[in-house]
Amino acid sequence: MKEAKSVKFSLQQDQNGHLSPFKFAKLFDPEASWDKDQLGDVLHWIRQAIAIVCGLLWGAIPVVGGIWIVVFLVISSAIIYGYYGMILKVDEEDFGGHGALLQEGLFASITLFLLAWILVYSLAHF
Amino acid sequence: MATTQMLSSLKYSDSLTVVGISFCTAVVCECISWILIYRTNSYKSLKFSIDKASKKLETMKTENPTKISNKKSKTKKIDRVETSLKESSRDLSLFKFKSGAVVALVLFVVFGLLNSLFEGKVVAKLPFKPLGIVMKMSHRGLQGDDSTDCSMAFLYFLCSISIRTNLQKFLGFSPPRGAAAAGGLFPMPDPKTN
């Protein structure tokens, strides 16, 4: 716990840089304490990664139909929820509730997912 | 040479051109914003004060007052920090408005250019049937009834949102979260959405 606190302290020192010293192990450490900005950024990038992977996968298979957009949304929200709820075990009330955390990077990830899906689908199958 | 030939053999190679152009535009826009806003000292100090004030506010709200007499002075203090936070974020929005106008102009010119290049052309095939307003956008200026045809406008819209948001996030140019939270009471036009 002491170590986690010192990590938080050193991260908060770095106000200007977005590339704060980051420990990869912290991503899977339920003991670590999270700053609102850091958790938001981590959730944002996880969502974008899921969007790219799903988009490429859906386009490569290829799957067709609007239902797959819903499938993507459910998968990515479930992963985000599972990540902060089960792996990090943060209290969502400290960060503005489930809505704020699940909404992090949502719109950007939807557009990124659609872009990847449409591009791969159009280029690979016609 | 070989890659050009391979690309031209693809039916929807135009989609890559649209993505490439919009990626370059996003980079150019961020450069303009950097020159006009982010490198200036007044922006840095404004951002720093917003971050500081929002963090202070958060800790003040979570702390429990120990004495009843302290409570009154504490609410006063919170109010003061809140007002200063609101003022700073309003200043920030005004500041951003200036570069927002330039960026909007660039985006407008690029959109016009793309429009003249790909008018009436199907640049991609949608893997789903769009509805309502999405359909209007994705079928803008196209002939025929095939709703899965995708026009340049929709692809450009997707590119500009996803690439710009992520580029800003990556470069650390996204607006501070404290400002977004405080701006709720005073909704300001956000030049970034252009």
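Just so we're on the same page: letters track the sequence lines, and every chain starts at 1.
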Hey, could you give me the [atom1]/[atom2] distance between [X] and [Y], rounded to the nearest 0.5 Å?
X: B:Phe154; Y: A:Leu115; atom1: CZ; atom2: CG; result: 9.5 Å
X: A:Phe107; Y: B:Ser162; atom1: CZ; atom2: OG; result: 10.0 Å
X: A:Ser122; Y: B:Leu155; atom1: OG; atom2: CG; result: 8.0 Å
X: A:Thr111; Y: B:Ile163; atom1: OG1; atom2: CD1; result: 9.5 Å
X: A:Ile52; Y: B:Asn166; atom1: CD1; atom2: CG; result: 8.0 Å

query: Counting only heavy atoms not in B:Asp79, do more than 12 sit closer than 6.0 Å to its CG atom?
result: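 Yes, because the 6.0 Å sphere around CG of B:Asp79 holds more than 12 heavy atoms from other groups.
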query: Should we count CZ of B:Phe23 as having more than 12 external heavy atoms under 6.0 Å?
result: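 For B:Phe23, atom CZ is not crowded (no more than 12 foreign heavy atoms under 6.0 Å).
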May I ask whether [X] and [Y] are part of the same hydrophobic cluster, defined by side-chain heavy atoms of I, L, V, M, F, W, Y residues being less than 4.5 angstrom apart, directly or through others?
X: B:Val19; Y: A:Leu114; result: yes
X: A:Leu112; Y: A:Val74; result: no
X: B:Leu105; Y: B:Phe97; result: no
X: B:Leu114; Y: B:Phe108; result: no
X: B:Val27; Y: B:Leu158; result: yes

message: With a 4.5 angstrom heavy-atom cut-off, is it the side chain or the backbone of A:Trp58 that approaches chain B, or both, or neither?
response: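 Neither part.
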- request: Could you check if a side-chain atom of B:Tyr12 sits within less than 4.5 angstrom of a side-chain atom of A:Tyr121, using non-hydrogen atoms only?
  value: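 With C-beta onward as the side chain, the pair stays apart.
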- prompt: What parts of residues 123-137 of chain B touch chain A if we use heavy atoms and a cut-off under 4.5 Å?
  reply: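 Within residues 123-137 of chain B, the residues that come under 4.5 Å of chain A (heavy atoms only) are B:Ala124, B:Lys125, B:Leu126, B:Pro127, B:Phe128.
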When A:Ile69, A:Ile118, A:Ile110 are compared by non-hydrogen pairs under 4.5 Å with chain B, the top option: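 Highest number of pairs under 4.5 Å: A:Ile118.
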